[in-house]
Number of protein chains: 2
Amino acid sequence: MKIDPNSTADLSAQIAGAIRDAIISGDLIVDERLPSEAELAEQFQVSRATVREGLKRLAAQSLIRTQRGATGGAFVNRLSFEDAYSQQITTSTLLLSMNAVSFDTACEARYALERACAPLSAARRSADQLATMRAEIFRQGQPGLTDEAFCASDVAFHRALVDGAHNPVLSYQLAGSVEAMQPLMNMITFTARDRATILALHARIADAIEAGAGEDAVTGLTALEEETRKLAADVFARRATKR
Amino acid sequence: MKIDPNSTADLSAQIAGAIRDAIISGDLIVDERLPSEAELAEQFQVSRATVREGLKRLAAQSLIRTQRGATGGAFVNRLSFEDAYSQQITTSTLLLSMNAVSFDTACEARYALERACAPLSAARRSADQLATMRAEIFRQGQPGLTDEAFCASDVAFHRALVDGAHNPVLSYQLAGSVEAMQPLMNMITFTARDRATILALHARIADAIEAGAGEDAVTGLTALEEETRKLAADVFARRATKR
DNA sequence: AAAAATCATTTGTCAGACATTTAAAAGTCT
DNA sequence: AGACTTTTAAATGTCTGACAAATGATTTTT
């Protein structure tokens, strides 16, 4: 692991890169302890402050964790699905909000991916996941529910559907698509009539999942996508004329 | 933006969190300049070193960029799809390698997601993307190609397929699934016969995409998934008996 | 043997200094 | 006046040295 003091890049970035490469290549394995900051400083011929900045960069990506004390230090962290989920959600959310991604584009991606999960979920979902879907449908029918709560329940419903595929890689990939849409969905005002329509589609999808009918779940999701896009188009059209 | 000096979390992590929240909530907008490190240090009542560690955390996630000089400072960064891609690929790769995700699980996720793209790609792919697919197929037929080069070409083929959907959100989500499988694929030795089979399937998929026949592309992908899993199973079985 | 005190190691934080980069301001020449 | 050069000020990047706080290991005491 070497760094170039004459490079244009910051030393701390180079150090982070060198250690990251060592982790990716397998030179450093999970739970292995890195040299102490003082040792790293000597190895890289930089100050401890610079080493620390590099380590913080890695910590921000959950690649290492640090512990204080006698036997403490920086350890290679096992990147958990949990950690990856939340990173994925943050990134996806910012990506959508900062790049003026249209509602249609985000929606298309999300439902395309969800349809990919549907057949697997229909075949494998646990009773618990089905129960969650039913419970969220019930919640969505409650009067007096705020639009935000309705959206949150919608996300919970879809996450249960995705998790039903029992493929953690799929769940991880989908987490971003589903959750990142929430801020966009929150811009929509759902009338009682809208909610009833969505609720019926959710029920249809849950029925298909319960029956193990993947194809029906897919068509249900397609109908839901259409409905969602129509709703959004209405909202945006109304807003455009109002102003 | 406030931090709690008595919290268990590091001050630098709290500072990063506070600024990150401000970015996500929209309090800080793209290209806006943060206060200088000295000012932030005073605002948060910490030293400049601590502020800097916090800022490096954000830089690691591409949330800010820094510039030196008179009009320099830290600026809120527009998270580009490019940046998001590479983060996604790093995270996915580590997630697979560190969590003993089985080949089958990763493979299932990847092909499920790719099938979600196929109909869109068949409808919208540009001539250029189709040309890339054809070119990669041609490359894969060259004799003397190393296994690594074959895999790299495979990835290029599939990326063209995915990008053909012309949905940047989909491309972003898929980048991780497709690229992260490469290390796993590299463990496989492809015989001439294996390559011919894969090549034929690639051609079949490209034909379907060219003809705008989304359904055919989907079945082609399913066949390719089956083939890939069979190959991998063979390799792992052979390895198990050898040792 | 158990509990308490001490110790050594390591990260977390701080203060102050200097180097480097950069754009703007001031100065100089034609 | 305009073009070029020099100076200056502001900001990040890096270094040094120090102390605080946490924590496991060791030693001492009871």
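Letters go in sequence order (proteins before strands), and every chain restarts at 1.
Residue B:T66 has a polar side-chain atom (N or O) positioned under 4.0 Å from OP1 or OP2 of D:dG13. Distances shorter than 4.0 Å separate none of the side-chain N or O atoms of A:R48 from OP1 or OP2 on D:dC15. Contact check, B:T50 against C:dC14: a side-chain N or O comes under 4.0 Å of OP1 or OP2. Proximity of B:R33 to the phosphate of D:dA11: a side-chain N or O atom is located under 4.0 Å from OP1 or OP2.
Taking A:E53 as the reference, B:R52 meet the side-chain hydrogen bond (donor to acceptor under 3.5 Å, both in side chains) condition, with sequence neighbours excluded.
In this structure, CG of B:L40 is placed 17 Å from C1' of C:dT13, rounded to the nearest angstrom. Taking atom CD1 on B:I64 and atom C1' on D:dA11, their separation rounds to 14 Å, with Å as the unit. Residue A:E53 contributes atom CD, which lies 12 Å from atom P of D:dT12 at whole-angstrom precision. D:dT14 atom C1' lies 13 Å from atom CD of A:Q14, rounded to whole Å. In this structure, CZ of B:R52 is placed 15 Å from P of D:dT16, rounded to the nearest angstrom. With rounding to whole Å, A:F75 atom CZ is found 12 Å from C:dT9 atom C1'. Nucleotide C:dT13 holds its C1' atom 7 Å from the CG atom of B:L11, rounded to whole Å.
Ion pair A:R68/B:D10 not flagged as a salt bridge, since none of the NZ, NE, NH1 or NH2 atoms sits closer than 4.0 Å to an Asp/Glu carboxylate oxygen. A salt bridge is defined here as a Lys NZ or Arg NE, NH1 or NH2 lying under 4.0 Å from an Asp or Glu carboxylate O, and A:R110 with A:E225 fails to meet this definition. Using a 4.0 Å cut-off between charged side-chain N and carboxylate O, A:D154 and A:R139 make no salt bridge.
The side chain of A:A49 approaches D:dT16 more closely than any other nucleotide in the set D:dT14, D:dT16, D:dA20. Between C:dG12, C:dT10, C:dA24, one nucleotide has an atom nearer to the side chain of A:S36 than all others, and that is C:dT10. When distances are taken from the side chain of B:D10 to each of C:dA17, C:dT13, D:dC15, the shortest belongs to C:dT13.
Between B:F150 and B:F190, the ring planes are tilted. Angles from 30° to 60° get that label.
Across the interface with DNA chain D, nearest-nucleotide mapping of B:T71 and A:G69 shows B:T71 to be the residue nearer the 5′ end. Mapping A:A70 and B:A74 onto DNA chain D by nearest heavy atom places B:A74 closer to the 5' end of the strand.
Among the protein residues, A:R65 comes within range of no part of the nucleic acid, since none of its heavy atoms lies under 4.0 Å from any strand.
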